[in-house]
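Notes to accompany the following structure.
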Number of protein chains: 2
Amino acid sequence: MTDATVLQPSAMLRRAGLRVTQPRLAVLDALARHPHAATDVLIAAARETRSVSHQAVYDVLHTLSDLGLVRRIQPAGSVARYELRVGDNHHHVVCRSCGDVVDIDCATGSAPCLDPSELDVHAPGFVLHEAEVTYWGLCATCAGSAEPQPDLTAPSRTASSRTTEKRKNRV
Amino acid sequence: MTDATVLQPSAMLRRAGLRVTQPRLAVLDALARHPHAATDVLIAAARETRSVSHQAVYDVLHTLSDLGLVRRIQPAGSVARYELRVGDNHHHVVCRSCGDVVDIDCATGSAPCLDPSELDVHAPGFVLHEAEVTYWGLCATCAGSAEPQPDLTAPSRTASSRTTEKRKNRV
DNA sequence: CCCTTTTCCGGAACGAGTCAAGACAACCGG
DNA sequence: CCGGTTGTCTTGACTCGTTCCGGAAAAGGG
C-alpha cells in the first residue's frame, strides 16, 4: 500500500527528519528503477544520476531502512536487496535458479500475517513482530530452460548463480 | 519428523552413498549438540571431537545439505546456520535482538505449506517448491531485559547483535 | 551568510565463504 | 589382508559484501 514512490522523494526525506542530499535522491531514484536490487546494482544505478561513493549508498540504505522508508530483504544465500514498497507486509517469490524476486501480496496485509500454531509451546514469552514468508521455486523462464537466466537486479557479474552452479558439480 | 539424529550417523552417511569419515562424524556430532549453530560454532564444536580443518567443515555441510541430510537456514542479516531436523517443513522463530532461533512445527507438515494467494497474477508460470516462514520478534529473555542476551549458537564473539547494536546509534 | 550538525568520501579493514592443488584415507576388488 | 582408485581432507591464498574510521563537504537553521 504505502509505496514510497508515490511521494516526492525530497518530501519523503524531509518528513522523516532527514536532510535532502544528492546521494539520497540518487539512491531513491535507483531504488525506484530497480526493485529488489542488490547494493552493487544500486550503486551503479545511482551513479547514472551522480557521482556517489559506495559508502554513501550503504549509509543511505541503512538510514532509510532503519526508518522504514525502504525495506531490506535477504533471501538465504543472497546478498541484501532493497525495495521501496513498504508498509504492507507483502511477501516474496524467489527463483532458486536465477535469484529473481517477485512481490506477492500478503493474505491479511498486516504483520504478523500468520498465527504460529505452537508459538507458546516452543517459544514461550516470545513477542511476535511479523511473519516473513518466502516462496522458493523456479521462475517461468528457468523452469523452461535448464540454464539459469540472468537476473539484472542480482549482484553484477553473471547472476547470483555462483552458488547454484558450483553445487551442481559437487556431491 | 525425519530427525536425522535418530539414525546412527555412520549409517546415515552410508545410506546416502557417502564415505564415513572422521570429519563428517565430528560435524554430525556437533550438529546434534548445537541446533541452529553457525559454521564457526560448528567448527569449534567439531574440534572438541577431533582436529578438523575449517574447509572440511564447510565441505561436509555443503555435501550434507545438498543431499538433504541437514538443513541450511539463513535468516536475513545472519550467517548460515544448520540443523539436523529435516523432512518436515518446519519453520523458525528468530529473535531480532539476540538472533536465537527456535523451531516451530508447520501447520500442514509438507512443503509448500502455504498457498500463495496471487502467485499466478504476479509470477505466472512460477514452479513453487516450498514456502519458508520466518517469525521475527523478541524472545522472552530479550523482551524482558533491554540488553540482548548472548546466543551461544550465533557466530562466536558476543552475539549476532553486531548489526542490531550498531543500528541503534545510527539514524 | 555563517555556524552547527549531519552526511559524504576515500581507503583500510574485516569476516564469511570459496578456490585450488596436493596429501591422505575409505572402500572395493582381488 | 593388501594395494589401487577415487572421494575426501588439508593448507593457504583469495574473493566479495560489508563495515570501520577520520577528515572533508554541504544542508539547513538562525
Side-chain angles (χ1 to χ4, degrees), chain A residues 10 13-14 16-28 37-44 46-47 50-67 72 74-82 99 154-158 160-167 169-171, chain B residues 10 13-14 16-27 37-44 46-47 50-67 72 74-82 154-158 160-167 169-171:
Chain A
S10 48
L13 288 172
R14 254 187 282 268
L18 295 175
R19 291 185 178 174
V20 177
T21 68
Q22 291 305 310
R24 279 174 180 163
L25 294 175
V27 169
L28 284 173
T39 312
D40 65 340
V41 173
L42 292 174
I43 292 174
R47 284 181 175 156
R50 182 183 179 280
S51 165
V52 197
S53 71
H54 76 122
Q55 189 57 252
V57 176
Y58 276 104
D59 282 347
V60 170
L61 290 173
H62 271 155
T63 304
L64 296 181
S65 50
D66 285 348
L67 292 176
R72 173 190 165 122
Q74 188 174 12
S78 165
V79 296
R81 287 156 173 264
Y82 298 87
S156 44
R157 227 159 312 284
T158 326
S160 68
S161 43
R162 184 175 45 161
T163 314
T164 314
E165 293 215 306
K166 278 293 159 190
R167 296 285 165 71
N169 302 328
R170 296 188 77 97
V171 168
Chain B
S10 48
L13 288 172
R14 253 187 282 269
L18 295 174
R19 291 185 180 174
V20 178
T21 68
Q22 291 306 310
R24 281 175 180 161
L25 294 176
V27 170
T39 312
D40 64 342
V41 173
L42 292 173
I43 292 174
R47 284 181 175 156
R50 182 183 180 281
S51 164
V52 198
S53 70
H54 76 123
Q55 189 58 253
V57 176
Y58 276 106
D59 281 348
V60 169
L61 291 173
H62 272 155
T63 304
L64 295 182
S65 51
D66 285 347
L67 292 177
R72 172 190 166 122
Q74 188 173 13
S78 164
V79 296
R81 288 158 172 262
Y82 297 87
S156 45
R157 231 157 319 283
T158 325
S160 69
S161 42
R162 186 176 44 160
T163 314
T164 314
E165 295 215 304
K166 279 293 160 187
R167 295 285 165 71
N169 302 329
R170 297 187 78 98
V171 169

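No experiment lies behind these values; they were computed from the predicted model shown. Residue numbers begin at 1 in each chain, while the letters A, B, ... track the order of the sequences.
In this entry the distance linking CG of A:Leu13 with C1' of D:dA27 reads 12 Å, nearest Å. Between the CG atom of A:Leu61 and the C1' atom of D:dT19 there is a distance of 14 Å, rounded to whole Å. Between the CZ atom of B:Arg81 and the P atom of C:dA16 there is a distance of 12 Å, given to the nearest Å. Atom CZ of B:Arg72 is separated from atom C1' of C:dG17 by 9 Å (rounded to the nearest Å). Between the CD1 atom of B:Ile43 and the P atom of D:dC9 there is a distance of 13 Å, rounded to whole Å. Spacing between atom NE2 of A:His62 and atom C1' of C:dT6 amounts to 18 Å, rounded to whole angstrom units. For the pair A:Tyr58 OH and C:dA12 P, the interatomic distance rounds to 17 Å; values are reported in whole Å. Taking atom CG of B:Leu25 as the reference point, atom P of D:dC9 lies 10 Å away to the nearest angstrom.
The residue among A:Gln74 and B:Gln22 whose nearest nucleotide of DNA chain D lies closer to the 5′ end is B:Gln22.
Residues forming a side-chain hydrogen bond (donor to acceptor under 3.5 Å, both in side chains) with A:Ser78 (at least two apart in sequence, or on another chain): A:Arg81. B:Ala44 is linked by a side chain to side chain contact (heavy atoms under 4.5 Å, CB included) to nothing, counting only residues two or more places apart in sequence or in another chain. Taking A:Ala37 as the reference, A:His34, A:Val41, A:Leu42, A:Thr153 meet the side chain to side chain contact (heavy atoms under 4.5 Å, CB included) condition, with sequence neighbours excluded.
Note that the OH atom of A:Tyr82 and the NE2 atom of A:His62 stand 5.0 Å from one another [nearest 0.5 Å].
Among the candidates A:Thr63, A:Leu64, A:Val57, the single residue satisfying the side-chain contact (heavy atoms from CB on, under 4.5 Å) test with A:Val60 is A:Leu64.
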Between protein and nucleotides 28-30 of chain D, what N or O pairs are separated by less than 3.5 Å?
from   : atom 1 : to      : atom 2 : distance (Å)
D:dG28 : OP1    : A:Val20 : N      : 2.9

What N/O pairs connect the protein and nucleotides 9-11 of chain C at under 3.5 Å? Give each pair on its own line.
from   : atom 1 : to      : atom 2 : distance (Å)
C:dC9  : OP2    : A:Ser53 : N      : 3.1
C:dC9  : OP2    : A:Ser53 : OG     : 2.9
C:dG11 : O6     : A:Gln55 : NE2    : 3.2

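For B:Arg72 (side chain) and B:Ala80 (main-chain N/O), no donor-acceptor pair under 3.5 Å exists by modelled atom type.
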TODO: Walk me through it: do B:Leu13 and B:Thr21 pass the test side chain to side chain contact (heavy atoms under 4.5 Å, CB included)?
DONE: CA-CA 9 Å; B:Leu13 288 172; B:Thr21 68; 5.9 Å; no
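Considering all non-hydrogen atoms of both residues, A:Gly77 and B:Gln74 come closest at N-OE1, 2.7 Å. Here the shortest heavy-atom pairing between A:Val52 and A:Pro23 reads CG1-CB, 3.8 Å. Considering every non-hydrogen atom in both A:His54 and A:Arg47, the closest pair reads N-NH2, 3.4 Å.
Five base pairs at each end of the helix from C:dC1-D:dG30 to C:dG30-D:dC1 define two local axes, and these are offset by 30° (rounded to 10°).
With a 4.5 Å cut-off on side-chain heavy atoms, A:Thr39 and A:Val79 do not count as touching.
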